S.K.: 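Take this structure first; my questions come after.
Convention: sequence-line order gives letters A, B, ...; per-chain numbering from 1. From a predicted model like this one, the values you see are computed outputs, not experimental measurements.
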Amino acid sequence: MSRYNFKECEARWQAVWAERETFRVGEDSERPKYYVLEMFPYPSGRIHMGHVRNYTMGDVVARYRRATGYNVLHPMGWDAFGLPAENAAMERGIHPAEWTYSNIGTMRGQLKQMGLSIDWAREIATCHPGYYRHQQELFLDFLDSGLAYRKESWVNWDPVDHTVLANEQVVDGRGWRSGALIERRKLAQWFLRTTAYSDELLDALATLDRWPERVRLMQENWIGRSEGAYIRFAVSNGRTGTPLEAPLEVFTTRHDTLFGMTFCALSPHHPLAASLAGKDKKAAAFIAECDRLGTSEAAIEAAEKVGYDTGFVVHHPFDSDRTVPLYIANFVLMEYGTGAVFGCPAHDQRDLDFARKYGLDVIPVVAPRKADAAAFAIGDEAFVDDGVLINSDFLDGLEVPAAKARMAERLAADSLGEATTVYRLRDWGISRQRYWGCPIPVIHCEGCGIVPVPRAELPVALPDDVAFDKPGNPLDHHPTWKHVDCPQCGTKARRETDTMDTFVDSSWYFARFCSPRAEQPTDRRQVDYWLPVDQYIGGIEHAILHLLYSRFFTRAMRKCGHVSLDEPFAGLFTQGMVCHETYRDQRGAWLFPDQIERLPDGTAVKADDHSRVSVGRSESMSKSKRNVVDPERIIEAFGADTARLFMLSDTPPERDLEWTEAGIEGAWRYVNRLWRMVDQPAGAVAPREAARPDALSGAADQAWRLVHRTIHGVTDDLDKFRFNRAVARIRELTNLIGELPGDGGDIAWVRRRGLEAAVQLIGPMMPHLAEELWRSLGHETLLADVPWPAADPALLVEETITIGVQVNGKLRGTIDVPRDADREMVESLALALDGVQRAMDGRPPRKVIVVPNKIVNVVV
RNA sequence: GCCCAGGUGGCGGAAUUGGUAGACGCGCAGGUUUCAGGUACCUGUGGCCGCAAGGCCGUGGAAGUUCGAGUCUUCUCCUGGGCACCA
């Protein structure tokens, strides 16, 4: 049996598209624009299945939109700065630039093999001075407008490697490379003022109606606007009674529960905690212990809640007789509110757990509306619902919201505090003490302070001659790079050696794609034409940080005149990951899938020595667990179209996809089946120009209607990212075309139209095969240039429909009725069914529910 | 710990607004073709009972609303993503 020669075919069509510059775009006043963007890849070495899935989806959208008449921008670039390049430099002695550009070369080739409809003329790499010089200019603009600033903040410090560690590099409190216990250290760092837009970033989420609801929710919670109050407490030494000079300010969202306060707690990094630790060795030791946890919020929050009683006491503002102990506690975050809290165990579960642990009082101050206030007590569970205030002096009897308002008034009146709004969102620390990133373009001068690098001197380029043999930041070690003269006073000064977080690089690349070679960061005409991105596609793991930073950056760029919009991504789709089973040998070492042989009984052995292999559950493909399948191998063996089809079939795009060999083979079989349907059709195919026969026989009519239902359905599916459903529909259509009987004129005609429709509909998904079949069907035009087919609405409505008949909600049969048949007719047909009579068992119907064109339910 | 998702046959999944659960595919079984393997094609395939007709059960679990629940409500279990220096 002859097979589709994908190798020759895919290369040939890729060459044709490239030669004709089919996907090259520019401004076009004739057609509406459509900007399709997939999150650009990090050049880690080779493309992985996640890339294949992401770029296949994007390409389907791009090709589909193109066919429906849009001027489509679909670019590609490289998120090219980052840690792995430096790790490669340290481990293998390759320069980060060499490693990165070599990876880009490999991956570009691999992406081109996929047949993506990309305008490669717009390719950018963030590690190229032609890109990052503009990023430096943006930074200077932000500095000018107060959106960039410097402050001290905490980092994970590896005392052996003398380097700052990412949270990811801290494993069980130790540095991943050195194994040394990490410390928290304070460093002066550069920040971008994301909080300047807290409200805007939150409120504008409501306008992002083509974003997944869950992503908006996650961002909303991340920004975390809370209405509450600041309260200032007097603090004194519990033994001596000596008062502290400055009051302790806390933030709370439950100022209504102030009369239930039984302790206060400071963050280990609160200035007061530091000052107490200066005179209290145990406090200092406790703080040091907390620091072992590192800076990761997950680690801090998941750790056992512990506190240290400082011996100081906090005075209740409205009850001079009452004092509560002041703790330093590991769960209080310095980054949120004021870094100090008051604890009300009766109405907060964490406070309750803490109070039980340290034997603190629990005073209920809110009771359920119907509860007996005198008898209301707290057991193991805090009462966190709304209710009525008790034991609370001037708040007694008020509902919670009213109590909050009254308390806020009273605090303000007595100058003890005031109502406020705080955000969980923090400013974005962008300083990294690393080489392979965009240099921050400032100079530190003893006399002048921080001096921006003059714009004419941009880019501040990374030096090539760096060494990675010493721990720490190579830029800092470089013999000459940082030694410069102050641009203002001319005296000896020092270049900033911090580079920018790589998230900065990816926060504006979508804008750069509009004018990738412009002399300015953006060409206003171009960004105004192309932005916003109409459809952005990427992994759900970026739901918060990358997307939020990009939203912030767009606003910051607007403020500085580089763009004229607020929201960069009008539509967002978040795809699931590609997963595979994991395998370990008897010693527990991870094995690659192609080292495995599956036995008929379902167990697995190593292919070389047939030793036993334990099969683990399916997880996201990762190099560390070796559960990876190399896309290039798949493309070699089955072709890009097969790989693309498999990525789109079966699993909904937002869900995790389980990679299976059987699945790819199924896709391969369908590719061949489709090819044979055109290459060796089962019956006569009418000529290209053949007119519609006057009358269609039953089979032809049925098929013709399915063609139109399929066009309609697939179009709708592609609009809604239901690629798996679209594939299923096309398969239904080709199944029916394959079964068309004989060579009659109407059959031959519908066979042609059906095949053409199938080829057009599958085109965005399997572009090479579709081009090939389109040509085989006698067309000279590129399918890529052919408009999307349209469904005839008249052919979408069925005249006869089958509806179910239930008795007491259980299906007992079906009836065929004309569309919109009248109620009496449907009811009598339903009641006449054998199965219905049997189920009614002689009982008269109490009620017959007829839902037109849907269902009949007989209630007896 | 906190925030956000997802759980439907042996497997991936389908099921406009609450209205015939299991489309389409994988796998499996039987058959045709073939020297054989593979390919291709045909038939069957949620579970249980039954010779059959047919019946009962069935969308992670428990309860509820409804003539009717995969879909709505409450509780619960499991799995995944994120938690600010991985990208």
S.K.: Please produce a list of atom pairs where a protein N or O lies less than 3.5 Å from an N or O of nucleotides 4-12 of chain B.
M.R.:
residue, atom, partner, partner atom, Å
B:A5, O2', A:R214, NH1, 3.4
B:G7, OP1, A:R655, NH2, 3.4
B:G12, O2', A:T651, OG1, 2.7
B:G12, N2, A:D650, OD1, 2.8

S.K.: Between A:H48 and A:H51, what is the ring plane arrangement, given parallel below 30°, perpendicular above 60°, and tilted in between?
M.R.: parallel

S.K.: With a 4.0 Å cut-off on heavy atoms, is A:Q189 in touch with a base, just the backbone sugar-phosphate, or nothing at all?
M.R.: base

S.K.: Atom pairs, N/O to N/O, protein against nucleotides 47-55 of chain B, distance under 3.5 Å?
M.R.:
residue, atom, partner, partner atom, Å
B:G55, OP1, A:R812, NH1, 3.3

S.K.: Indicate, with a heavy-atom threshold strictly under 4.0 Å, whether A:F503 touches base, sugar-phosphate, or nothing.
M.R.: base

S.K.: For a quick test of reading the model: is some side-chain N or O of A:R673 closer than 4.0 Å to OP1 or OP2 of B:C41?
M.R.: yes

S.K.: Rounded to whole Å, please give me the gap between NZ in A:K720 and C1' in B:A14.
M.R.: 15 Å

S.K.: Could you check whether A:G82 gets within reach of a base, just the sugar-phosphate, or nothing at all, counting any heavy atom under 4.0 Å?
M.R.: sugar-phosphate

S.K.: Which is true for A:V155 with a 4.0 Å heavy-atom rule: it touches a base, it touches only sugar-phosphate, or it touches nothing?
M.R.: base

S.K.: Just checking A:I849: base, sugar-phosphate only, or nothing, at a heavy-atom cut-off of under 4.0 Å?
M.R.: base

S.K.: In whole angstrom, what separates A:N735's CG from B:U43's P?
M.R.: 11 Å

S.K.: Anything under 3.5 Å between a protein N or O and an N or O of nucleotides 30-32 of chain B, put it in a table, one pair a line.
M.R.:
none

S.K.: Between A:N857 and B:U66, is there a contact of a side-chain N or O with OP1 or OP2 at under 4.0 Å?
M.R.: no

S.K.: Using the 3.5 Å cut-off, write out each protein N or O paired with an N or O of nucleotides 71-77 of chain B and the distance between them.
M.R.:
none

S.K.: When only distance counts, do a donor and an acceptor, one from the side chain of A:R434 and one from the base of B:C85, lie under 3.5 Å apart?
M.R.: yes

S.K.: Students often get this wrong, so: under 4.0 angstrom with heavy atoms, is A:H546 touching a base, only sugar-phosphate, or nothing?
M.R.: nothing

S.K.: Just checking A:Q433: base, sugar-phosphate only, or nothing, at a heavy-atom cut-off of under 4.0 Å?
M.R.: base

S.K.: When all nucleic acid strands are considered with a 4.0 Å heavy-atom cut-off, which category describes A:M577: base, sugar-phosphate, or nothing?
M.R.: sugar-phosphate

S.K.: With a 4.0 Å cutoff (strictly under), does any side-chain N or O of A:R669 reach OP1 or OP2 of B:C26?
M.R.: yes

S.K.: Provide, to the nearest angstrom, the distance between the CG atom belonging to A:N808 and the P atom belonging to B:U66.
M.R.: 15 Å

S.K.: Would you indicate what A:V859 reaches in the nucleic acid, counting non-hydrogen atoms under 4.0 angstrom: base, sugar-phosphate, or nothing?
M.R.: sugar-phosphate

S.K.: So A:L425, base contact, sugar-phosphate only, or nothing? Heavy-atom distance under 4.0 Å.
M.R.: base

S.K.: Where does RNA chain B pair, written as one dot-bracket string 5' to 3', with Watson-Crick or G-U pairs under 3.5 Å, ( ) inside the strand, [ ] for crossing pairs and | for another strand?
M.R.: (((((((..(((......[....)))((((((.......))))))((((....))))..(((((..]....))))))))))))....

S.K.: Just N and O in the side chain of A:N672: are any of them under 4.0 Å from OP1 or OP2 of B:U39?
M.R.: no

S.K.: Tell me which pairs pass side-chain hydrogen bond (donor to acceptor under 3.5 Å, both in side chains) where either residue lies in residues 849-860 of chain A, with sequence neighbours left out.
M.R.: A:D820-A:N853

S.K.: Would you mind classifying the nucleic acid contact of A:S431 as base, sugar-phosphate or nothing, using non-hydrogen atoms under 4.0 angstrom?
M.R.: base

